[in-house]
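In what follows, a structure is listed as structure tokens, so that the remarks can point back to it.
Just so you know, ligand 1 is whichever comes first in the structure, and atom 1 is the first atom listed for that ligand.
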Amino acid sequence: MPPSFESSITTLTGTAASSPVSEVDEMHAAVPNVPVISSLSSVYSVSALPSQEHRWASLVASFEQLYPNEDLTFIARSPGRVNLIGEHIDYSLFDVLPMAITQDVLIAVHVGATDGQIVLNNTDPHFPARTFNIADLKEIEIDATVHEWSNYFLAGVKGAFSLLPSAKIPSMHCLIDGRIPTGSGLSSSSAFVCASLLAIVTAVKAMAPNSTSFASAVTKSDLVQSSVVSERYVGVNSGGMDQSASVFGVPGHALQVQFYPALKATPIAFQSDGFAFVIANTLVVADKHVTGPIHYNLRVVETAVAAEILAKQCGLGPLPIRDGFGGTVRGVVEAFKARGVDATGVMNKVKEVFSKEEGYTLAETAQLLGQSELEITKKYMTRFPVRFERFQFRARALHVLEEAQRVQKFCQMLTHAPADQDGADAEEQYLRALASIMTASHQSCRDLFDCSCEELDELVGLAVANGAYGSRLTGAGWGGATVSLVRKDKAAEFVQCLKKEYYLKRYPEISEDKMNDAICITEPALGSAVVVGNYNV
Ligand code: ATP
Ligand code: GLA
Ligand code: MG
């Protein structure tokens, strides 16, 4: 198994990575860097390579057409992710289990034009060209009230300045090509932010005096941590799962990402060859930026305030604050653990403290916390405003605690394959047991966390009815995609069934191409990389 990537929030203590593709000598580096690669065959799997070669060739051709007098200096790349299990618990500091996917965001860059500008063009005409003066970038404010695609690039700029405060950003002419469907739970936003940050620091380092190579532009840990903080500038109070998966991704492995006591990503190889994961997009776009106040950002408030109330009501003392925001359910669990109370005990406390199943008004919350409504509003609901009638502390906290246990169980099972001599039956039982954890996760997301929707529930139901061992929503929810565990030898047939039963029924006019984009058998892919040199193979 490749070693873990580790770092504390302020001090990097990463172990060396043995990424099979890096052409940088990472084995001897104290902290693993984002790899610099000169061949596409080091980025993509054999099965993905033919279509990627075609796509990269067309990106290079478009770049040359758009900027005829400018060389392509490098291409920065960061992938999307699918989360196998552990939904909405990263911001409570519990482990999650995502993996990077083949679909990614590419930013082709010419560095060194002398016009003092960053020019952003996008291969998708939905995202019109934007230009920024470099002189304005250091002080630039991101208006989170506006849904503007270039805000995600500017988030990368913020991240670059946090890593390199005195950086002199050179002129950059960019062409962006993203193949992760947006708002589909596969984290196009984080892939874009990570790729942007990576492109900027790579450009800065490339233009630095005496620079001879692109290597060592940034460590993986720095890229993750800086991207997590900077993506929040777009107005979504997200956790750290997406950026971790996008940057740390290892081909053939899922990643157990831990946030407590420090960020750490441990690659887990699949022990059984007999299964595959299928991603199916409902085609319901879940725009987190727009619905944040009633969905995502509200859940972050509910879980943080639930933790603070538990600490107050159970006399646990002040909780450690996560990212300057608030206490966490993980903090509550650790405080109880120190007092000899186990997970079941904590769940009983949650039920006891939050006995009102109908939820809590702001006035009731203020009473439980011993703080004024104004104080609570200022602390938790100002930078990321939310709208609600009653906070659902009980259901949200129970989901977080139970989902955290499911992740532990799932990871344990993934690392212990059924013994060979047990034969086919053992494998079948193993897959059923794994999948039942996924299905329980979906039910909890639907019933306790209220982050599913009709189409997600329908797709999950159809998946199970058509041979999946288990299925669940993946990512934030409220639309977006599902992930299903299926037998590898039945995966293609399964895909056909869902095309017929879901896509052609709900969207009779849908094209074959659109369906092929919407549903695919996925494989764990490489994380962020800079590609320099040969963009053809
Ligand atoms: P989730 O966060 O649920 O996993 P997601 O990241 O795809 O899914 P959002 O967080 O809502 O969804 O981010 C989507 C936004 O990211 C888009 O509306 C767009 O502004 C920006 N974005 C993503 N990919 C690109 C791209 N290739 N080009 C331009 N903007 C992009
Ligand atoms: C989004 C966020 C992540 C995580 C998931 C839900 O993708 O960006 O941090 O909270 O939702 O698990
Ligand atoms: Mg996102």
Side-chain angles (χ1 to χ4, degrees), residues 59 77-98 101 103-107 120-130 142 144 146-156 174-196 224 227-229 231-232 234-246 257 259 279 281-282 284-292 295-297 299-300 303 322-323 399-400 403-404 407 441 444-445 449 451-452 456 472-481 483:
L59 175 63
R77 149 195 202 262
S78 229
R81 60 100 190 92
V82 61
N83 188 24
L84 300 181
I85 194 144
E87 223 59 83
H88 287 281
I89 61 172
D90 57 346
Y91 48 86
S92 291
L93 298 184
F94 287 105
D95 301 5
V96 293
L97 190 77
I101 55 176
Q103 291 91 328
D104 54 15
V105 171
L106 304 180
I107 308 187
L120 303 179
N121 275 285
N122 202 304
T123 55
D124 182 339
H126 290 106
F127 303 118
R130 300 281 184 247
I142 296 177
V146 180
H147 190 205
E148 159 58 36
W149 75 274
S150 59
N151 280 354
Y152 295 81
F153 187 92
L154 293 180
C174 308
L175 179 59
I176 294 141
D177 183 65
R179 295 297 167 99
I180 310 157
T182 58
S184 67
L186 303 176
S187 211
S188 66
S189 61
S190 302
F192 188 21
V193 172
C194 292
S196 302
V224 170
S227 302
V228 170
V229 173
E231 188 169 337
R232 296 193 185 119
V234 301
V236 180
N237 195 6
S238 46
M241 167 170 73
D242 305 348
Q243 300 82 357
S244 301
S246 186
V257 182
F259 303 96
I279 297 175
N281 187 349
T282 57
V284 175
V285 173
D287 210 329
K288 285 223 298 301
H289 179 272
V290 176
T291 61
H295 287 153
Y296 192 90
N297 290 344
R299 294 296 179 275
V300 181
T303 48
R322 177 190 66 89
D323 288 355
H399 166 81
V400 171
E403 184 77 353
V407 172
S441 166
S444 181
C445 284
F449 218 72
C451 62
S452 188
L456 281 167
R472 57 183 296 280
L473 68 82
T474 185
W478 297 289
V483 58

Parallel, tilted or perpendicular: ring planes of Tyr296 versus Tyr91, cut at 30 and 60 degrees: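 Answer is perpendicular, since the angle exceeds 60°.
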Let me know which protein residues bring a heavy atom to under 4.0 Å of ligand 2; chain then number is fine for ordering.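 Heavy-atom contacts below 4.0 Å: Arg81, Glu87, His88, Asp90, Tyr91, Ser238, Gly239, Met241, Asp242, Lys288, Tyr296, Gly475, Ala476.
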Provide the number and element of each atom of ligand 1 under 4.0 Å from a heavy atom of [X].
X: Gly185; answer: 1 (P), 3 (O), 4 (O), 8 (O)
X: Asn122; answer: 28 (N), 29 (C)
X: Arg81; answer: 4 (O)
X: His147; answer: 18 (O), 20 (O)
X: Leu186; answer: 4 (O)

Does a donor on one side chain and an acceptor on the other come within less than 3.5 Å for Ser190 and Glu231?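 The answer is yes; a qualifying pair exists.
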How close does the nearest protein non-hydrogen atom get to [atom], and which residue and atom is it?
atom: atom 7 (O) of ligand 1; value: Ser188 OG, 2.6 Å
atom: atom 1 (P) of ligand 1; value: Lys288 NZ, 3.4 Å
atom: atom 31 (C) of ligand 1; value: Phe192 CD2, 3.6 Å

Flag [X] as yes when one of its N or O atoms lies below 3.5 Å from any N or O atom of ligand 1, and as no otherwise.
X: Glu231; answer: no
X: Ser189; answer: yes
X: Phe127; answer: no
X: Ser190; answer: no

Once you round to the nearest 0.5 Å, how far does [atom1] of [X] lie from [atom2] of [Y]?
X: Ile176; Y: Asn122; atom1: CD1; atom2: CG; result: 5.5 Å
X: Thr303; Y: Arg322; atom1: OG1; atom2: CZ; result: 7.5 Å
X: Asp90; Y: Glu403; atom1: CG; atom2: CD; result: 11.0 Å
X: Ile180; Y: Ser246; atom1: CD1; atom2: OG; result: 7.0 Å
X: His399; Y: Ile89; atom1: NE2; atom2: CD1; result: 6.5 Å
X: Thr474; Y: Asn281; atom1: OG1; atom2: CG; result: 11.0 Å

Given 3.5 Å as the limit, does a donor-acceptor pair link the side chain of His88 with the main chain of Val400, or not?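 Not a single qualifying donor-acceptor pair exists.
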With distance as the sole test, does Gln243 use its side chain to make a donor-acceptor pair with the main-chain N or O of Val224 at under 3.5 Å?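 Judged by distance alone, no pair lies under 3.5 Å.
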Please work out which of Ser187, Gly178, Gly292, Ser184 has its closest non-hydrogen atom nearest to atom 4 (O) of ligand 1.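 Nearest heavy atom to atom 4 (O) of ligand 1 lies in Ser187.
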Please tell me if the side chains of Val257 and Met241 come closer than 4.5 Å, counting only heavy atoms from C-beta onward.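 They are not in contact (no side-chain heavy atoms under 4.5 Å apart), so the answer is no.
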For a 4.5 angstrom cut-off between non-hydrogen side-chain atoms, does Cys451 reach Leu473?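 Yes - at least one pair of side-chain heavy atoms lies under 4.5 Å apart.
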Output yes if Ser189 passes the N/O/S-under-2.8 Å test against the Mg ion (ligand 3); output no otherwise.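 Yes, Ser189 qualifies, because one of its backbone or side-chain N, O or S atoms lies under 2.8 Å.
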Checking contacts here: is it the side chain or the backbone of Tyr152 that comes within 4.0 Å of ligand 1, counting heavy atoms only? Could be both or neither.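 Contact part for Tyr152 vs ligand 1: side chain (C-beta onward).
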Looking at Ile85, Asp242, Asn83, which one forms a side chain to side chain contact (heavy atoms under 4.5 Å, CB included) with Pro98?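 One option only clears the test, and that one is Asn83.
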